[in-house]
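To start, the structure itself, in structure tokens.
No hydrogens, no waters, no symmetry mates; every other heavy atom, side chains included, goes into these values.
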Amino acid sequence: MKSLMTQYVQFRLLPFYTRAVHAKFIRRCHDIGKAQEEFLLKALEANKNTEYGLHCNFASIRNRTQFVQQHPLTQYSHYEEYIQRVCNGEKNVLCAKKLAFVAISSGTTAKPKSIPVYEGFVIEFLKTLGFFLNHIINKVNTLQRIASIRFTVKDTLLANGVKMGTFSSHVSPLPPYAITPQKAGKIPNESSQSYVTALFALSEKDLQYIDGMFSSSVFTLYKTIELNGERLVADLASGSLSKGLDVGDEVRKVVDRHLKPNPIRAAEVWGELNQGNDRLALRLWPELKLVTMTTTGEFEAHARLLAKSFLKDVCLQTLVYGSTEGSIGIVPFPQKGATFEQKSYAFNLFIFLEFIAEENIAEDNPPTLFVDQLELGKSYEIVLSNTNGFYRSGHLLSVRAEKTSSAAFTEALKYSEQDWKNKHLVNYTATESTHIILIDSRVINESIRILQMINLLADFQSRADGMNYFLFIEVTYLDQNNTCVLQQKEKELIDKHLQKSSPIYGYCRSSGSIKPMSVIQVKAGTFARLKSIMTKDANNQQYKTPRALRNPELLTFLLENA
């Protein structure tokens with residue numbers, strides 16, 4: 001009854017409030033410059049008497065132009081000492097409000113960062129819930145059971161009693177009305193958590209909605225079902241968790257208590273699994289109406305692969321484009337139809353945004369533009385300012401100061417994939433040739449044949465004698481039973497498309513200052529194992545594959561799996 005009432009309040013009563021939030025947002029978009037300035041001045045006023053506010057003289061700032069002139073662009077290192085003091089328990093350093101949580105970023109653009117989250121910030125973040133709920137209630141019967149995919153990292157308790165962990169698990173934990181029981185939703189091992197989530201999802205034939213958060217999480221669920229089909233079916237039939245799964249006695253008791261023996265459902269699932277992956281989700285759950293997950297940026301490759309196989313003909317709705325530092329974009333209107341397509345966003349008004357023109361990104365202190373000064377068709381780097389004033393930069397590869405972005409790589413791979421004839425991108429990362437040359441044979445894994453690997457490394461390093469990029473890529477057929485291998489001409493397409501998506505790179509290639517890209521296809525499952533190495537097998541829902549990789553041990557791991 002408690003979980004049902006919670007679901008009723010969120011999906012039947014809260015929308016009366018969230019519709020008003022949505023209407024206010026639309027009105028504010030008509031004068032977005034004014035709305036942004038109001039947000040900025042309100043934040044500065046609230047924090048003018050903090051140590052940082054006094055140091056930067058926030059009290060004297062009267063408009064956004066003065067803020068830009070008075071406060072230079074900064075990077076995370078500018079705040080590190082302040083943040084350490086906040087984590088040690090000092091008050092009124094960066095923000096006047098009480099510290100509620102310390103979020104750990106995913107480390108997409110650099111090493112993971114500790115980011116203070118203050119009381120009230122989560123409420124500001126959840127104002128975007130109004131948009132989420134509008135999309136969901138437009139599609140599904142919101143009082144039916146929901147499959148929520150959550151991989152929760154165990155929080156660390158700081159000396160001051162404040163928790164430290166991932167932002168996504170803090171603002172969007174496993175809801176009480178999810179099919180997966182609460183006490184079975186916090187398993188430390190990701191593969192075990194994914195198995196238990198899949199087991200409960202498969203038990204519910206009338207499932208209408210999957211809350212996936214990220215396409216990578218849904219992809220993990222899909223692979224779990226594909227690779228563990230026989231065991232999942234046996235557990236469904238028996239109504240108990242199979243032995244050998246690393247979940248602990250308490251979780252096992254919870255699962256066995258909630259899962260009922262259902263041999264009829266088990267037979268249905270087994271029959272559908274034997275029919276292949278095409279439209280598998282709709283065959284497993286005929287009433288499935290909606291899957292919400294982030295499908296753009298770092299998550300686009302997984303989303304495209306899912307839309308062509310497991311989730312074919314299901315409505316895929318992206319909700320927000322964000323990071324631990326702040327939500328950048330929201331989707332203001334529900335998607336029509338069930339086809340997957342590249343999404344666009346409206347800028348979120350609950351952070352202050354500035355933009356650096358693409359041609360100025362490499363400057364030490366580039367000029368910035370406000371959101372109402374942007375030009376259609378141009379590309380910009382985004383600068384975020386919230387109560388902590390973080391400045392983020394994107395992934396950039398550079399061997400001749402050409403600064404090639406991850407966005408350019410993503411676009412080049414998307415167009416290359418269209419020419420590959422049924423071969424699909426799973427994941428990728430890249431590095432500069434200088435980092436391949438610097439790999440020392442001493443970091444090679446001792447478990448492999450040392451001599452063979454040293455010879456292989458020498459071959460790769462000979463190809464890195466000139467300045468160029470190394471791209472590590474994993475591809476697959478939709479029919480997972482066949483080995484997928486890219487031909488040399490298909491690999492060369494990536495370099496050709498990158499020259500188009502990054503004109504500066506194209507110029508350097510045509511002038512000969514950068515040599516052709518070395519594309520190294522890795523074995524199936526390599527990027528899944530890379531994730532396990534980087535996260536130490538712990539749950540991390542926020543994990544994103546780094547698009548610019550420079551760690552010698554991790555590069556060696558990829559070379560070993562070529």
* Asked: How close do K312 and L282 get, heavy atom to heavy atom, and via which atoms?
  -> O-CD1, 3.7 Å
* Asked: Can you tell me how far the CE atom of M164 sits from the CG atom of L158, to the nearest 0.5 Å?
  -> 4.5 Å
* Structure fact -> Interatomic distance, CG@N551 vs CG@L530, rounded to 0.5 Å, equals 9.5 Å
* To do: Test side chain to side chain contact (heavy atoms under 4.5 Å, CB included) on L478 and N422 and set out the steps.
  => CA-CA 7 Å; L478 295 183; N422 300 320; over 6 Å; no
* Asked: Taking only residues two or more places apart in sequence, or in another chain, which ones meet F347 in a ring pair (Phe, Tyr, Trp, His ring centres under 6.0 Å)?
  -> F355
* Not counting sequence neighbours, which residues clear ring pair (Phe, Tyr, Trp, His ring centres under 6.0 Å) with F25? List them please. => F131
Pair [X]-[Y], side-chain donor/acceptor within less than 3.5 Å:
| X | Y | value |
| --- | --- | --- |
| N277 | Y222 | yes |
| Y345 | T296 | yes |
| Q208 | E287 | no |
| D235 | S242 | yes |
| Y428 | T545 | no |

* To do: Flag this pair as yes if the NZ/CZ of R231 is under 6.0 angstrom from the six-membered ring centre of Y195 and inside a 45 degree cone about the axis; otherwise no.
  => yes
* **Residue of the set R529, Q521, K523 for which side chain to side chain donor-acceptor pair (under 3.5 Å) holds with N561** => R529
* Sole candidate of R145, Q7, Q10 that passes side chain to side chain donor-acceptor pair (under 3.5 Å) when paired with Y177 -> Q10
* Asked: In terms of heavy-atom contacts, does CG of N88 have more than 12 from other residues, nucleotides or ligands at under 6.0 Å?
  -> yes
Result block: side-chain N/O donor-acceptor pairs under 3.5 angstrom for residues 178-185, not counting sequence neighbours:
unit_1: Q182; atom_1: NE2; unit_2: L174; atom_2: O; d: 2.8
unit_1: Q182; atom_1: NE2; unit_2: P175; atom_2: O; d: 2.9

* To do: Only counting residues at least two apart or in another chain, list the ones meeting salt bridge (charged side-chain N to carboxylate O under 4.0 Å, His left out) with K205.
  => E268
* With sequence neighbours excluded, tell me which residues meet salt bridge (charged side-chain N to carboxylate O under 4.0 Å, His left out) with K491. => none
* To do: Look at the rings of F299 and F214 and say which category their plane angle falls in: under 30° parallel, 30 to 60° tilted, over 60° perpendicular.
  => parallel
* When the ring planes of F219 and H302 are compared, do they come out parallel, tilted or perpendicular, using 30° and 60° as the limits? -> parallel
* Under a 4.0 Å N-O cut-off, is there an ion pair linking K423 with E490? -> yes
* Measure from the side-chain N and O atoms of H22 to the backbone N and O of P332, and report whether any donor-acceptor pair falls under 3.5 Å. => yes
* Asked: Are F472 and F557 close enough that their ring centres sit under 6.0 Å apart?
  -> no
* **Residue list, side-chain contact (heavy atoms from CB on, under 4.5 Å) with N262, at least two apart or on another chain** => I264, R265
